[in-house]
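For the single chain, residues carry numbers from 1 onward in sequence order. Hydrogens, waters and symmetry mates play no part in the numbers below; they use all other heavy atoms, side chains included.
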Amino acid sequence: MALKLQDADPATDFPALARAMFESYEEPWQPFFHAYFPIHCSSSGAGGGVEAREAAIAEAAARLANWQRHDATMHWRKVVDPETGDLAAGALWNIHPENPFRADGQAVEAAWFPDDGSRRYAEQLVELHGRPRARIGQRPHVYLFIVFTHPRYRRRGIGQQFMDWGIKKAEDMGVEMFLDATPMGRPLYEKNGFVVVEDNVVAPQTDSPDDAWRETEAKVGPSTHYVMWRPVGGYKKGESKRPWEEKQ
């Protein structure tokens with residue numbers, strides 16, 4: 001049976017979404033994921049382990065639900081295996097009918113880390129990750145924030161299902177699209193009318209790192225994200241004009 005693309009249910013789906021998200025980013029391991037969804041050491045100082053991972057998944061589910069309650073632009077989609085009922089994949093789209101950067105936004109507090117250098121590191125990483133879009137995306141647009149497919153369901157067209165939904169939404173609204181791609185995801189997005197407009201190297205810096213900063217930096221490390229843009233109708237080389245480069 002075909003895998004089914006559905007709206008996620010905010011009342012019930014976040015525990016399954018969080019678990020599938022962890023299992024997806026763990027295979028293969030994506031170090032950048034730790035900055036947003038860390039697995040913390042136990043109070044005794046032991047790192048990792050089943051209990052710590054389960055606590056991290058539960059915290060992630062609660063945080064995703066809280067984000068959803070406080071941000072009307074968030075739209076979660078899921079793909080379900082109708083034979084087993086398992087959640088195969090998830091995608092979080094931000095639908096911005098207005099310029100999301102029109103007002104001065106508050107800096108993100110990475111409260112999912114203790115109040116030490118690890119939090120400072122994550123907060124700077126979040127700011128650096130979002131900085132290019134804040135500069136070039138100051139118009140209504142659709143943004144793909146999170147996307148993942150469980151390892152058991154890869155290479156079955158799920159990414160294209162998510163793309164089809166997001167592109168239709170943007171085209172119906174008559175707005176651009178943005179996303180931050182990994183090397184693995186870039187070919188799919190290029191096939192769907194996106195183009196790389198910037199290589200964003202994310203590498204937080206400080207003159208006075210504490211042990212927690214150093215530990216987090218060692219786990220996450222620098223990462224490069226391809227800032228990708230899709231104009232209405234898809235990118236056309238030699239024809240598509242970049243609005244942020246137009247003279248005001």
Side-chain angles (χ1 to χ4, degrees), residues 1-10 13 16-18 20-21 23-25 27-28 30 32-33 36 64 67-68 71 73-82 86-97 100 129-130 132-133 136-137 139-200 223-237 239-243:
M1 297 177 65
L3 300 174
K4 292 188 176 181
L5 178 66
Q6 304 173 352
D7 285 322
D9 185 346
D13 279 340
L17 283 165
M21 181 175 66
E23 293 173 356
S24 300
Y25 281 97
E27 190 178 329
Q30 304 292 310
F32 189 77
F33 183 70
Y36 282 91
L64 292 175
W67 286 355
Q68 179 75 48
D71 188 346
T73 74
M74 288 188 170
H75 295 264
W76 274 96
R77 301 286 288 172
K78 65 179 180 179
V79 171
V80 175
D81 184 340
D86 291 341
L87 194 148
L92 173 55
W93 295 91
N94 288 96
I95 312 298
H96 297 294
H129 184 234
R133 186 168 63 96
I136 68 177
R139 294 164 305 285
H141 64 264
V142 171
Y143 175 62
L144 179 58
F145 180 21
I146 297 173
V147 63
F148 57 84
T149 300
H150 193 280
R152 290 198 307 271
Y153 293 97
R154 288 175 183 158
R155 300 189 181 280
R156 295 179 62 177
I158 290 175
Q160 189 59 56
Q161 285 185 284
F162 286 139
M163 280 288 100
D164 291 344
W165 186 89
I167 289 171
K168 184 178 186 307
K169 177 65 70 172
E171 291 292 316
D172 288 348
M173 294 173 63
V175 301
E176 307 158 76
M177 302 179 74
F178 288 94
L179 56 82
D180 300 282
T182 63
M184 289 185 295
R186 177 175 171 175
L188 171 66
Y189 305 134
E190 289 178 331
K191 187 177 75 172
N192 282 275
F194 285 82
V195 65
V196 174
V197 294
E198 188 170 330
D199 292 356
N200 183 22
S223 57
T224 299
H225 304 262
Y226 301 113
V227 181
M228 302 192 74
W229 166 70
R230 185 186 189 276
V232 176
Y235 175 75
K236 298 177 180 62
K237 189 175 182 178
E239 299 180 25
S240 298
K241 298 185 183 300
R242 303 179 183 192

Exercise. With rounding to the nearest 0.5 Å, note down the distance linking CZ in R156 to OG1 in T149.
Key: 11.0 Å

Practice problem: Find out whether L188 and F194 are in side-chain contact, i.e. whether some heavy atom of one side chain is under 4.5 Å from a heavy atom of the other. | Solution: no

Practice problem: Looking only at non-hydrogen atoms, find the nearest pair between G234 and E171 and report the distance. | Solution: N-OE2, 4.4 Å

Practice problem: Flag the pair Y189 / L144 as yes when at least one side-chain heavy-atom distance between them is below 4.5 Å, and no otherwise. | Solution: yes

Quiz item: Relative to F178, does R133 satisfy both conditions: NZ or CZ under 6.0 angstrom from the six-membered ring centre, and within 45 degrees of the ring's axis?
Solution: no

Quiz item: Rounded to the nearest 0.5 Å, what separation is found between the CZ atom of F33 and the CD1 atom of I146?
Solution: 8.0 Å

Quiz item: Is any side-chain heavy atom of H96 less than 4.5 Å from a side-chain heavy atom of P140?
Solution: no

Quiz prompt | Distance, nearest 0.5 Å, that separates CG of L64 from CE of M21 | solution = 5.0 Å

Quiz item: Going from NZ on K78 to CG on D13, what distance comes out if it is rounded to the nearest 0.5 angstrom?
Solution: 3.5 Å

Quiz item: When you look at L5 and W165, which way does the side chain to side chain contact (heavy atoms under 4.5 Å, CB included) test go after all the steps?
Solution: CA-CA 9 Å; L5 178 66; W165 186 89; 4.1 Å; yes

Quiz item: How far apart are the C-alpha atoms of M177 and M228, what are their side-chain angles, what is the distance that settles it, and do they pass the side chain to side chain contact (heavy atoms under 4.5 Å, CB included) test?
Solution: CA-CA 8 Å; M177 302 179 74; M228 302 192 74; over 6 Å; no

Quiz item: Could you go step by step and tell me if D180 and Y143 meet the side chain to side chain contact (heavy atoms under 4.5 Å, CB included) rule?
Solution: CA-CA 9 Å; D180 300 282; Y143 175 62; 2.5 Å; yes

Quiz prompt | Residue pair D7, R77: steps toward the side chain to side chain contact (heavy atoms under 4.5 Å, CB included) verdict | solution = CA-CA 5 Å; D7 285 322; R77 301 286 288 172; 2.3 Å; yes

Quiz prompt | side-chain contact (heavy atoms from CB on, under 4.5 Å) partner of Y153, chosen from V79, L87, L3 | solution = L3

